[in-house]
Amino acid sequence: MRSPLMRHLGLTTALGLLLAVFGLAPSAGAAEPAPATLTFSSDSATTTPGGTVNLSMTLTNNAGYDIWFVHQTIDPTWLTTQRPDLKYSFTSCALTTATGATPCSGTGPADLGANYGTTVPPGQSRTVTLTLEVAADSGCNGNIGFYSYFYAEFSDLTSISGGPAYTPETRVLCA
């Protein structure tokens with residue numbers, strides 16, 4: 001007498017083979033990249049009181065459709081705000097696009113949404129560079145760090161939000 005378990009196993013195997021032959025079986029595919037990524041860089045890992053560091057934030061559109069709208073914030077980390085002797089400010093801002101660089105507003109811990117332009121086409125990036133100036137009478141031996149949140153809307157009517165994304169920290173060294 002044949003076992004009912006073997007009969008069910010044979011039926012399941014045959015059904016799986018049939019689905020695979022006709023391409024209806026689920027396939028293992030590569031993971032899709034995030035629709036947009038936000039990365040940070042700085043032109044120097046250290047500075048001294050009275051010095052400057054350029055902090056760049058690059059938004060890359062990895063999707064196959066335009067980013068229509070971006071809203072981004074940049075704020076000091078909690079440890080940075082706890083340093084009463086640390087004095088700094090953002091003194092300039094520039095937006096780099098495929099067509100070149102233009103000045104932007106939103107310096108300081110502020111919203112940077114409008115600085116990315118009207119759209120970011122698929123595969124392209126926009127970079128906002130803020131110049132961080134440390135005051136000449138600033139305290140020494142402290143890290144300056146920032147974090148950012150961003151929100152992006154795409155032309156296919158989807159949206160994403162991300163954060164917190166942390167910037168590279170800059171070490172303030174005494175001269």
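We number each residue from 1, following the sequence as shown. Nothing here was measured: the structure is a model prediction, and the numbers come from that model.
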Check whether [X] reaches the backbone of [Y] with its side chain - one donor and one acceptor, N or O, closer than 3.5 Å.
X	Y	value
R171	I144	no
N61	A36	no
S44	T46	yes
R126	M57	no
T80	G145	yes

Taking the side chain as every heavy atom from C-beta outward, state whether [X] and [Y] have any atom pair closer than 4.5 Å.
X	Y	result
D85	S138	no
S56	S42	no
C93	V128	yes

Test side chain to side chain contact (heavy atoms under 4.5 Å, CB included) on V134 and K87; report intermediate values, then the result. CA-CA 6 Å; V134 179; K87 299 175 190 172; over 6 Å; no

Before giving the answer on side chain to side chain contact (heavy atoms under 4.5 Å, CB included), spell out for I160 and F154 the whole-Å C-alpha distance, their side-chain angles and the decisive distance to 0.1 Å. CA-CA 9 Å; I160 61 164; F154 297 89; 3.8 Å; yes

Distance in Å, Q124 CD paired with I67 CD1, rounded so as to fall on 0.5 Å steps: 10.5 Å

Restricting to non-hydrogen atoms, name the atom on [X] and the atom on [Y] that form the minimum distance, rounded to 0.1 Å.
X	Y	result
S125	T60	OG-OG1, 2.9 Å
A63	P122	O-CB, 3.2 Å
N143	R83	N-NH1, 3.9 Å

Pairs satisfying side-chain hydrogen bond (donor to acceptor under 3.5 Å, both in side chains), at least one member in residues 144-158, at least two apart: Y65-D156, Q72-S148, Y151-E153, D156-T158

Do the rings of F146 and F90 sit parallel, tilted or perpendicular, given the 30° and 60° boundaries? tilted

same_hphob_cluster(L132, Y166) at 4.5 Å side-chain heavy-atom cutoff: no

Taking it one step at a time, do I74 and L130 satisfy side chain to side chain contact (heavy atoms under 4.5 Å, CB included)? CA-CA 11 Å; I74 184 165; L130 299 169; 4.2 Å; yes

Filter on ring pair (Phe, Tyr, Trp, His ring centres under 6.0 Å), then keep only pairs touching residues 38-59, sequence neighbours left out; what's left? none

For T131, the option from L55, V53, N54, D43 that meets side-chain contact (heavy atoms from CB on, under 4.5 Å): N54

